[in-house]
Amino acid sequence: MNPDWKNITQFEGPEQSPGFLLWQVSSQWRRLIEAALLKVGLTHPQFVLLANLGWLTREGKWVSQAELARQCKTDMAMTSQVLRSLERKGYLQREKQAGNERSKFPRVTPQGAELIEQAIPLVEAVDRNFFKEWDSHSVDLFQKLASGDEKARAN
């Protein structure tokens, strides 16, 4: 027996579903990003966390793992696991601060900074090519969607 498609969906097929289309587009983009990052030996999650850590700490500010996870909208357990991997490779070190013994504060090492300098141009080249037909309105829309703010999405 087949599902009663007319009663369970408003779409003629998956090609009209914005969620399905977003999944397809993000899958295509991610494959290209992962292929580019392979050149420098990083996975996409490693790149996202390392580059954001570099960005957030660029002026010497201390950032906790929890703050980094919030910035990247990543799960805390996954963030910790990826940071551990990056630490083993020498791209960052994690420290504790006096008075805050429970939190770890990752810092990019010089080797990690070199890797960021190699990786960001690779990722931005993929983005430039992949999103060349998009305009600033598209970026604004992504920012609204990524914010998780229902009010921002409604506008």
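We're numbering straight along the sequence, starting at 1.
Formation of a donor-acceptor pair under 3.5 Å by the Ser147 side chain with backbone atoms of Lys144 is found in this model. The backbone N or O of Leu22 sits less than 3.5 Å from a side-chain atom of Ser26, completing a donor-acceptor pair. Between the side chain of Gln16 and the backbone N or O of Gly13 there is at least one donor-acceptor pair closer than 3.5 Å. With Thr57 contributing its side chain and Trp62 its backbone, the two residues share no donor-acceptor pair below 3.5 Å.
Here the closest heavy-atom approach between residue Pro106 and residue Leu83 is recorded as CG-CD1, 4.1 Å. Across every non-hydrogen atom of Ala69 and Met76, the tightest pair is CB-SD, 3.6 Å. When every heavy atom of Val126 is checked against every heavy atom of Ala36, the shortest pair comes out as CG2-CB, 3.8 Å.
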message = Does Arg84 form a side chain to side chain donor-acceptor pair (under 3.5 Å) with Ser80? I'd like the steps, not just the answer.
response = CA-CA 6 Å; Arg84 238 186 336 272; Ser80 182; 3.2 Å; yes
Exercise. Begin from the C-alpha positions of Phe47 and Ile120 and carry the test side chain to side chain contact (heavy atoms under 4.5 Å, CB included) through to its verdict.
Key: CA-CA 9 Å; Phe47 167 76; Ile120 286 180; 3.8 Å; yes
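Inspection of the Gln46 and Ser85 side chains reveals an N or O donor paired with an N or O acceptor under 3.5 Å. There is no side-chain donor-acceptor pair under 3.5 Å between Glu67 and Gln65.
No more than 12 heavy atoms of other residues, nucleotides or ligands shown are found within 6.0 angstrom of CH2 on Trp23. A 6.0 Å sphere centred on CD of Glu15 holds more than 12 heavy atoms belonging to other residues, nucleotides or ligands.
Under the 4.5 Å side-chain heavy-atom criterion for Ile, Leu, Val, Met, Phe, Trp and Tyr, Leu115 and Leu38 are members of distinct hydrophobic clusters. Side-chain heavy atoms closer than 4.5 Å link hydrophobic residues (I, L, V, M, F, W, Y) into clusters, and following such links, possibly through other members, connects Phe130 to Phe142.
Between Glu95 and Gln93, the closest side-chain pair of non-hydrogen atoms falls below 4.5 Å.
Here Arg30 pairs with Glu34 under the salt bridge (Lys or Arg N to Asp or Glu O under 4.0 Å) rule; sequence neighbours left out. For Phe11, there are no ring-ring contact (aromatic ring centres under 6.0 Å, His included) partners at least two apart in sequence or on another chain.
Once rounded to the nearest 0.5 Å, the distance linking NZ of Lys104 with CG of Leu68 reads 14.0 Å. The distance from atom CD1 of Ile33 to atom NE2 of His44, rounded to the nearest 0.5 Å, is 5.5 Å. Atom-to-atom distance recorded for Cys72:SG and Leu50:CG is 10.0 Å, nearest 0.5 angstrom. Note: Lys132 NZ to Asp127 CG = 13.0 Å, rounded to the nearest 0.5 Å.
Put simply, the residue from Leu42, Leu37, Val40, Val48 that forms a side-chain contact (heavy atoms from CB on, under 4.5 Å) with Val123 is Leu37. Of the options Leu86, Leu49, Ile116, a side-chain contact (heavy atoms from CB on, under 4.5 Å) to Tyr91 is made by Leu86 and by none of the others.
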